[in-house]
2 protein chains.
Amino acid sequence: MKSNVTMRDIAEKLGVSSVTVSKALNDKDGVSDELKERIKTLAGEMGYRFNTAAKSMKEGLTYNIGVVIPERFTGPGQSFYLHIYQQISRELEQYGYYGILHILHREDEEQLNLPRIYYDRKVDGFILLGQVSKPYIELVQSMDLPKMFLDFYDEHADIDSVVTDNFYGAYELTNYLIAQGHRDIAYVGNLHSTSSIQDRFLGYYKSLLEHRLPLRNEWVLSDRDDEGVYVDMELPQPLPTAFVCNCDQVAYNLVQKLIALGYRVPEDCSVVGFDNDVYATLIVPQLTTVGVDIEQMARTAIESMMKKISHPGSRFGRVLVQGHIVYRDSVQRMERP
Amino acid sequence: MKSNVTMRDIAEKLGVSSVTVSKALNDKDGVSDELKERIKTLAGEMGYRFNTAAKSMKEGLTYNIGVVIPERFTGPGQSFYLHIYQQISRELEQYGYYGILHILHREDEEQLNLPRIYYDRKVDGFILLGQVSKPYIELVQSMDLPKMFLDFYDEHADIDSVVTDNFYGAYELTNYLIAQGHRDIAYVGNLHSTSSIQDRFLGYYKSLLEHRLPLRNEWVLSDRDDEGVYVDMELPQPLPTAFVCNCDQVAYNLVQKLIALGYRVPEDCSVVGFDNDVYATLIVPQLTTVGVDIEQMARTAIESMMKKISHPGSRFGRVLVQGHIVYRDSVQRMERP
DNA sequence: CTGAAAGCGCTTACAG
DNA sequence: CTGAAAGCGCTTACAG
């Protein structure tokens, strides 16, 4: 199965021109059905493999999409973005496209270095998966290529983005807690860390507002510093009856802490998470949380990206992908006093 | 920053030929230092970006490596291979290479379809990350490209592979248990599922042999069916004093089961895992296990792959990458009776 | 030190 | 329905 077979080799064997072979293999008009068949058969027999590089050069398309994930989201135990990348890979397949993963190193983000895939013209578009610094966002905007944000957005940046509907998810989840009789509900997350955390907080707040419950400062607990490193948080006293955590991992940590302190979950205190990732099912009680629809996010992102490539200049704005509550065992119905 | 700037554009502005520009930008001999400088500066100013596709076509190299992961290793909660992929990506960067991830779908594995990256000549080599069926291995061998196995191997296939030293790791771990006074030690894993599980078993067995302890059939417990789906296993009675599990996830499940049945770990029963992944630290007691050196594996694999690309026909055989025991809290020292 | 020519493998008009 | 010509952007001999 020697494989430097080219279209010309096939053409010569058949006594036709390489133009005809090209047309036949691409199922274009202008070749008789019979000849087309013969060409395809011979191509198969000769082990012909298409040379994408040649097509690339002609068309100016690489058929690759660059997916850039900031390093800090890729540590051990953090596989959420890698799973999104996997779905992206899948979706791209259907368009004859491939994904190229680029982990954005901390230094490169600080020193504002664009990924080398850009300078090498390796990709037709960029998906930035995970929030980066403002200056880096500006740098990204200067790139002369279709680009979009996935799983975050930035108010000031005029770039298309696909995000989970964090706001609505947290809103629904808080509504659910209230429907279960809870009135004293805390939120856990550093409001200045990412826009996801912010939006989830706002959904929580909207639910409080609608139910005329006060927002209490001492019930908004920071879980990490501004660099995203988890901190040991202090629990308010008296304890609220429920915690809305900005993600499952934090909910997981919180439940462990509560149990360590002698509380029972959910009997003494209910806890909900967000993301429906591994952490949600790795603890007893398993966590009630919001499932992010990774597949749909990837699908929407790639669909939009493909349109942006074929119709340069097309815009989509901020697309929200709805999640859904996954009911498990970490919420207790409150008896009214 | 318009970017259809080509070498010729730069050449024309400077009144030189594109050959000279090519030489200058590639730091080759045959251009005066002064001209070289001027060319590089202008290239920067004009926002020139290299067209890899053109180089590709000329050289017949794509500067991509395909990484193929069978679907069944990529479910939610399974991020080990994705993390290896991430490291591979990193390593490739240093060689000016990029990774293209291909998830091998179950159907494609069964129907023996090679990944499309192969037919599209998108890659210069393949890394098969995770065990596939024998017929698929044979199919892979028929590909006219450098290829290697990562994290598994196959006796009959004459392909280079890089694997953790599973045998030695399990051997050491079992030795450690024996040194702690254990004599009744079970192994957990389906011996017919993957070669990793087999080799770890053999390491365990070697340790038993060396210490003249009998291998007891009822103490080799299957954890999954031949398709890799976990099964609920029955515990032998009386219980051994220690379990060597073929991976952390299984150890994690086992500990949960033991606790549910009222046993204390490690007081009543010691458990060790393998891999040092998330599962190892997500349970109390945290697991003593063997840490796999992901970085070293990726480094070794890519180094070899690069040599195989530049020196077609070069062979490395089966390279073992040593892990190391991570001591935690799931092993109890036995008092001699 | 510099450049004209040829070619990598394909596709896109265009002509027959 | 079929094909000769030109070109995508670069690099590799080779000549000056």
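- When the P atom of C/dA6 is taken as reference, atom CE of B/Met57 falls 17 Å away, rounded to whole Å.
- Note: NZ (B/Lys23) to C1' (D/dG9) measures 17 Å, nearest angstrom.
- Between D/dC8, D/dT11, C/dT11, one nucleotide has an atom nearer to the side chain of B/Arg8 than all others, and that is D/dC8.
- Shown here, C/dG3 forms a base pair with D/dC14; the pair counts as Watson-Crick or G-U wobble because both key distances fall under 3.5 Å.
- Between A/His102 and A/His105, the angle of the ring planes goes over 60°, which puts this pair in the perpendicular group of the 30/60° scheme.
- In terms of position on DNA chain C, the residue among B/Lys58 and A/Lys58 whose nearest nucleotide sits closer to the 5' end is B/Lys58.
- Within the 4.0 Å cut-off from OP1 or OP2 of D/dG3, at least one side-chain nitrogen or oxygen of A/Thr20 is found.
- Although no hydrogens or angles enter the test, the distance criterion places a donor-acceptor pair under 3.5 Å between the side chain of A/Thr52 and the main chain of B/Asp120.
- Only one option out of A/Phe80, A/Phe152, A/Tyr81 pairs with A/Phe73 in a ring pair (Phe, Tyr, Trp, His ring centres under 6.0 Å); it is A/Tyr81.
- Between the P atom of D/dC1 and the CG atom of A/Leu14 lies a distance of 17 Å, rounded to the nearest Å.
- Taking atom CZ of B/Arg121 as the reference point, atom C1' of C/dC8 lies 12 Å away to the nearest angstrom.
- Contact between the side-chain N/O atoms of A/Ser18 and the OP1/OP2 oxygens of C/dC10 is not found at any separation under 4.0 Å.
- Remark: A/Asn26 is in phosphate contact with C/dT11, judged by side-chain N or O atoms under 4.0 Å from OP1 or OP2.
- Note on B/Tyr48: every side-chain N or O is 4.0 Å or more away from OP1 and OP2 of D/dG9.
- Here CG of B/Asn51 is found 10.0 Å from OG1 of A/Thr62. Values are rounded to the nearest 0.5 Å.
- Between A/Lys28 atom NZ and C/dA13 atom C1' there is a gap of 11 Å when expressed in whole angstrom units.
- Rounded to a whole Å, the CG atom of A/Leu61 is 15 Å from the C1' atom of D/dG9.
- The phosphate of D/dT2 (OP1 or OP2) has a side-chain N or O of A/Ser32 nearer than 4.0 angstrom.
- Protein atom CD1 of A/Ile39 is 11 Å distant from nucleotide atom C1' of D/dC1, rounded to whole Å.
- Comparing B/Asn51 and B/Val19 along DNA chain D, the residue whose closest nucleotide (by nearest heavy atom) sits nearer the 5' end is B/Asn51.
- A/Gln296 and A/Thr300 share a side-chain donor-acceptor pair at under 3.5 Å.
- B/Phe50 places its CZ atom 7 Å from the P atom of D/dC10, with the value rounded to the nearest Å.
- Listed pair B/Ser22 / D/dT11 meets the phosphate criterion, a side-chain N or O lying under 4.0 Å from OP1 or OP2.
- Which of D/dT2, D/dT11, C/dC10 sits closest to the side chain of A/Leu35 comes down to D/dT2.
- Atom OH in B/Tyr136 sits 7.0 Å away from atom CG in B/Asn113 (nearest 0.5 Å).
- At the phosphate of C/dT2, neither OP1 nor OP2 sits under 4.0 Å from any side-chain N or O atom of B/Ser17.
- No contact: B/Asp29 has no heavy atom under 4.0 Å from any strand.
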